Structure formats: C-alpha cells, structure tokens
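In this text the structure is predicted, and so the values were computed from the model without any measurement.
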Amino acid sequence: MGYAQKRREERFKTTRTSQYITSAVNDTKFSSEVFFLTVIRGQEDVYLWISVPFCLMYVISIVGNSVILFIIKRDPSLHEPMYIFLSMLAITDLGLSIATMPKTLGIFFLNSREISLDACFAQLFFIHSLTFIESSVLLLMAFDRFVVISNSLRYASILTLPRITKMGLVFVLRGVAVVFPLPFLLKRFRYCQANVLFHSYCLHQEVMKMACSDIRVNSIYGLFVTDSTVTLDLLLILLSYVMILKTVLNIASHAESVRALSTCVSHLSAVLLFYISGIGLSIVQRFGNSSSPLLQILMGYIYLLVPPMMNPIVYSMKSKHVRARIIRAFKK
C-alpha cells in the first residue's frame with residue numbers, strides 16, 4: 001500500500017509539473033502579444049458598483065473642463081493671461097480623461113481587459129506627455145501669479161498673447177520630446193510574464209516591470225525625465241511662491257496683502273492636488289514591495305482622476321469671474 005501510494009503521488013506530481021510547464025508556455029506565448037488591464041484586482045464581482053464612482057468622476061471631469069473652455073472662449077473679458085493658462089490646464093485635463101476613460105469603461109461594461117502592446121505604448125505616451133505638460137502649465141500659472149502681484153502695472157506688457165503662445169508651445173514640445181523615446185525603449189523588450197497590470201491604463205513604471213530583460217536603461221531614463229520636468233517645475237513653483245510671499249510681506253496694508261494672496265488660492269489647490277498625488281504614487285511604487293497592492297492601485301487612480309475632476313470645481317468656486325460667467329450662461 002505504501003509503495004503504491006508513493007507511485008501515485010509521484011505520477012500526480014509529474015502530471016502537475018507537465019501541466020504547469022504547458023500552461024506557462026501558453027501564457028508566455030499569449031501574454032507576449034497583449035497586456036491585461038484591471039480596475040481593482042480581486043474585486044471583479046463588484047465591478048458594477050465600482051463603475052458608478054468612476055463614471056461620475058469622468059463625467060464631472062469632462063463636463064467641468066468643457067464648461068471652463070466654453071466660458072473662456074465665449075467671453076472676451078476672460079481673454080487674459082490667467083484665464084488663457086486656465087484654458088490650457090482644462091485642455092490637458094480633458095486629454096488625460098479621454099486617454100484613460102475608454103479602456104476603463106470597456107473593462108466595466110464589456111470586460112474588455114486585453115490591450116495590445118502598441119496600443120499600450122501609445123496610451124502611456126499620451127498619459128505621460130499630458131502629465132508633464134500639466135506640470136508645465138502649473139508652472140506658467142505660478143509665474144502669472146508672481147507677475148500680477150509683484151509687477152501689476154506691467155502685467156499686460158509682460159504676458160502678451162504671443163509670449164504666452166511661445167511659452168506654451170515650448171513646454172508642449174518639451175513634454176512630447178522627453179516621453180517620445182519611452183515607447184521605443186519598451187518595444188525592444190521581450191515580455192514573458194503574466195503581463196497583468198494593476199490599473200485600467202498603462203504607465204511606464206509598471207509596464208517596464210513586466211519585461212524579462214534588463215530594465216536599467218528605462219529606469220535611469222525615467223528618473224531623468226521626471227527630474228528634468230516634474231521635479232524641476234515643482235522647485236520653480238516653490239521659488240515663485242517664495243518670491244510672492246516676499247512681495248506680499250512688503251505690502252503695508254494688511255487688507256491688500258490678504259487680497260493678493262487670495263488670488264493664489266485656486267492655483268495652490270491645483271498644485272497640491274497634482275503634486276501630492278504624484279509624489280504619493282512615486283513613493284508607493286518605489287517601495288511597492290512593502291506596501292499594500294490596493295494602496296498602489298488607489299494612488300494611481302487618485303493621481304490621474306482626481307486633479308482633472310477637481311480643478312474645474314476649485315476654479316469655479318474660487319474665481320468669482322468664472323463663477324459669475326457660468327451662472328449667467330446657465331441662467332440664459
């Protein structure tokens with residue numbers, strides 16, 4: 001009995017090993033062609049309920065930013081540098097929502113989890129480019145606040161429309177140029193793992209970890225890109241606000257000081273939303289082995305979904321000119 005039992009166990013192990021190897025080969029062959037997206041891994045049975053807040057966030061983001069653009073375009077009195085920069089921010093937020101929304105809703109309602117490598121690389125190109133462009137727009141808005149507070153008399157002559165256009169174009173080209181090599185760096189890899197991503201969209205940091213090759217070049221270049229764009233923009237924004245505070249502290253009237261600082265509230269809110277969520281996601285990904293997978297997933301969605309949704313709300317509430325135009329438009 002003992003010998004027969006031992007033989008049966010050996011035969012079972014051999015069969016399981018053979019099945020595992022066959023399955024692994026099949027998975028490697030299939031997963032090398034596509035990635036598999038998820039919304040919240042392990043919660044597939046409640047996707048219908050999860051889809052409600054996701055859809056609501058997308059609707060608020062698209063409608064809110066579209067209304068901001070419509071109001072600014074329609075009202076000539078809002079064709080000022082501050083509102084031109086706000087329209088740039090709204091366009092960027094719309095782009096981020098459109099880049100992530102189709103696949104997310106496809107997973108919810110059609111269970112369409114597969115995405116080809118080329119489509120994934122294209123999506124991460126747009127997501128990262130738009131993210132870096134948004135960081136640049138926030139820097140331009142900080143510069144706008146500094147000029148209007150420190151040199152209000154020359155504000156219109158410093159921030160002219162041609163100069164704003166040139167600055168915006170330079171930062172758009174910078175965002176596109178630094179991200180352009182990433183899809184090509186990822187395309188040279190061989191992907192032989194499960195290729196199941198944590199999110200419903202593709203990010204460079206996550207996709208490169210699916211490769212069965214040395215990813216040091218991608219890791220170093222990704223760090224360089226982040227430092228030369230987002231980190232540099234954040235340092236310049238902080239410098240702008242140091243100079244703003246220095247200017248405000250030299251104002252004799254307390255009421256005028258408060259009034260000057262109040263014009264920065266909306267921009268500060270947008271900066272905090274963008275950079276705190278971005279820094280949080282970077283920390284979670286860097287120390288991912290010691291953090292909860294659910295925390296990584298939530299931080300990723302907060303980073304890409306919350307700022308585009310909240311920016312139009314914050315600016316509508318804090319900017320009395322935008323709020324008044326919106327109320328007037330809806331009354332009509």
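Rounded to the nearest 0.5 angstrom, L232 CG and I237 CD1 are separated by 10.0 Å. Atoms CD1 and CE, on I164 and M82 in that order, are 12.5 Å from each other to the nearest 0.5 Å. From C264, atom SG reaches atom CG of D144 across 9.0 Å, with rounding to the nearest 0.5 Å. Between the CG atom in L69 and the OG atom in S87 there is a gap of 6.5 Å [rounded to 0.5 Å]. Rounded to the nearest 0.5 angstrom, L298 CG and L281 CG are separated by 11.0 Å. Rounded to the nearest 0.5 Å, atoms CG (L86) and CD1 (I91) are 10.0 Å apart.
Applying the side chain to side chain donor-acceptor pair (under 3.5 Å) definition to pairs two or more places apart or across chains, those involving residues 265-281 are S135-Y275, Y241-H267. Residue pairs meeting the disulfide (SG to SG under 2.5 Å) criterion with at least one partner in residues 55-98, sequence neighbours excluded, do not occur; the list is empty. Within the structure, no pair that satisfies the salt bridge (charged side-chain N to carboxylate O under 4.0 Å, His left out) test touches residues 158-172, not counting sequence neighbours. Counting only residues at least two apart or in different chains, ring pair (Phe, Tyr, Trp, His ring centres under 6.0 Å) contacts with residues 76-98 are absent. Judged as a ring pair (Phe, Tyr, Trp, His ring centres under 6.0 Å), the pairs with a partner in residues 151-181 (not counting sequence neighbours) are, in order, F180-F184.
The closest donor-acceptor contact from the side chain of N65 to the backbone of S61 lies under 3.5 Å. Remark: side-chain polar atoms of Q123 are paired, donor with acceptor, to backbone N or O of C202 under 3.5 angstrom. Between the side chain of R113 and the backbone N or O of L37 there is at least one donor-acceptor pair closer than 3.5 Å. The main-chain N or O of L185 is found under 3.5 Å from a side-chain atom of R188 such that the two form a donor-acceptor pair. With T160 contributing its side chain and A156 its backbone, the two residues share no donor-acceptor pair below 3.5 Å. A donor-acceptor pair under 3.5 Å is formed between the side chain of T263 and the backbone N or O of A260. No side-chain donor-acceptor contact under 3.5 Å links S219 to the backbone of I215.
At least one side-chain heavy atom of Y221 sits less than 4.5 Å from a side-chain heavy atom of L182. Between T131 and L96 there is a side-chain heavy-atom pair separated by less than 4.5 Å. Counting heavy atoms from C-beta on, the side chains of R154 and V147 never come closer than 4.5 Å. Under the 4.5 Å side-chain criterion, counting only non-hydrogen atoms from C-beta, L186 is in contact with Y191. Looking at M210 and F35, their side chains come closer than 4.5 Å, going by heavy atoms from C-beta outward. The side-chain heavy atoms of I279 and L234, taken from C-beta on, include a pair separated by under 4.5 Å. The shortest distance between side-chain heavy atoms of L203 and F198 does not fall below 4.5 Å. Here the side chains of M310 and L305 are not in contact, with every heavy-atom distance at 4.5 Å or above.
Here the closest non-hydrogen pair linking G175 and V178 is O-CG2, 3.5 Å. The minimum heavy-atom distance linking I133 with T92 is given by the pair CG2-OG1, 3.9 Å. Closest approach of I62 to S97, counting heavy atoms only: CG1-CB, 4.2 Å. Nearest heavy-atom pair, A142 versus I244, reported as atom, atom and distance to 0.1 Å: O-CD1, 4.3 Å. Closest heavy-atom contact between Y315 and V322: O-CB, 4.2 Å. Minimum interatomic distance between E80 and S77 (heavy atoms only, all atoms of both residues): OE2-O, 3.5 Å.
With sequence neighbours excluded, the residues forming a salt bridge (Lys or Arg N to Asp or Glu O under 4.0 Å) with D233 are R174, listed by chain and number. Residues meeting the salt bridge (Lys or Arg N to Asp or Glu O under 4.0 Å) test with R216, sequence neighbours left out: D214. Every residue two or more places apart in sequence or in another chain that forms a side-chain hydrogen bond (donor to acceptor under 3.5 Å, both in side chains) with Y301 is listed here: S200. Residues satisfying the salt bridge (Lys or Arg N to Asp or Glu O under 4.0 Å) criterion with K187, sequence neighbours excluded, are D118. Legend: residues meeting salt bridge (Lys or Arg N to Asp or Glu O under 4.0 Å) with D75, ordered by chain and number and at least two apart, are R325. Not counting sequence neighbours, K318 has no partner by the side-chain hydrogen bond (donor to acceptor under 3.5 Å, both in side chains) test.
Counting Ile, Leu, Val, Met, Phe, Trp and Tyr side chains that sit under 4.5 Å apart, directly or through other members, L169 shares a hydrophobic cluster with L173.
Connection of I276 to V265 is not established within any shared hydrophobic cluster, with ILVMFWY side chains joined at heavy-atom distances below 4.5 Å, either directly or through further cluster members. Follow the hydrophobic side-chain contacts under 4.5 Å out from I149 and you reach I158 in the same cluster. Grouping the Ile, Leu, Val, Met, Phe, Trp and Tyr side chains by contacts below 4.5 angstrom, directly or via other members, places L272 apart from L236. Hydrophobic clustering (ILVMFWY, side-chain heavy atoms < 4.5 Å, transitive): I115 and F109 are in one cluster. When hydrophobic clusters are built by joining Ile, Leu, Val, Met, Phe, Trp and Tyr residues whose side-chain heavy atoms come closer than 4.5 Å, directly or via intermediates, V59 is grouped together with M101.
Remark: the Y58 side chain and the T100 side chain contain an N/O donor-acceptor pair separated by less than 3.5 Å.
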Quick one: do S136 and T229 satisfy side-chain contact (heavy atoms from CB on, under 4.5 Å)? Show the steps, please. CA-CA 8 Å; S136 302; T229 54; over 6 Å; no
Let's go through L78 and I84 carefully: what are the C-alpha distance in whole Å and the side-chain angles of both, what is the deciding distance for side-chain contact (heavy atoms from CB on, under 4.5 Å) to 0.1 Å, and is it a yes or a no? CA-CA 8 Å; L78 297 180; I84 293 174; over 6 Å; no
For L89 and I68: C-alpha separation, side-chain torsions, deciding distance, then whether side-chain contact (heavy atoms from CB on, under 4.5 Å) applies. CA-CA 10 Å; L89 184 66; I68 293 289; over 6 Å; no
Using the side-chain contact (heavy atoms from CB on, under 4.5 Å) rule, take L197 and T38 through it: C-alpha gap first, then chi angles, then the decisive distance, then the call. CA-CA 6 Å; L197 304 179; T38 55; 5.7 Å; no
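Counting non-hydrogen atoms of neighbouring residues, nucleotides and ligands closer than 6.0 angstrom, the CZ atom of F189 exceeds 12 such neighbours.
Taking the six-membered ring where the residue is Trp, H199 and Y201 present parallel rings, their angle staying beneath 30° rather than reaching 60°. Note: H204 and H128 have perpendicular aromatic rings, judged against thresholds of 30 and 60 degrees for the angle between ring planes.
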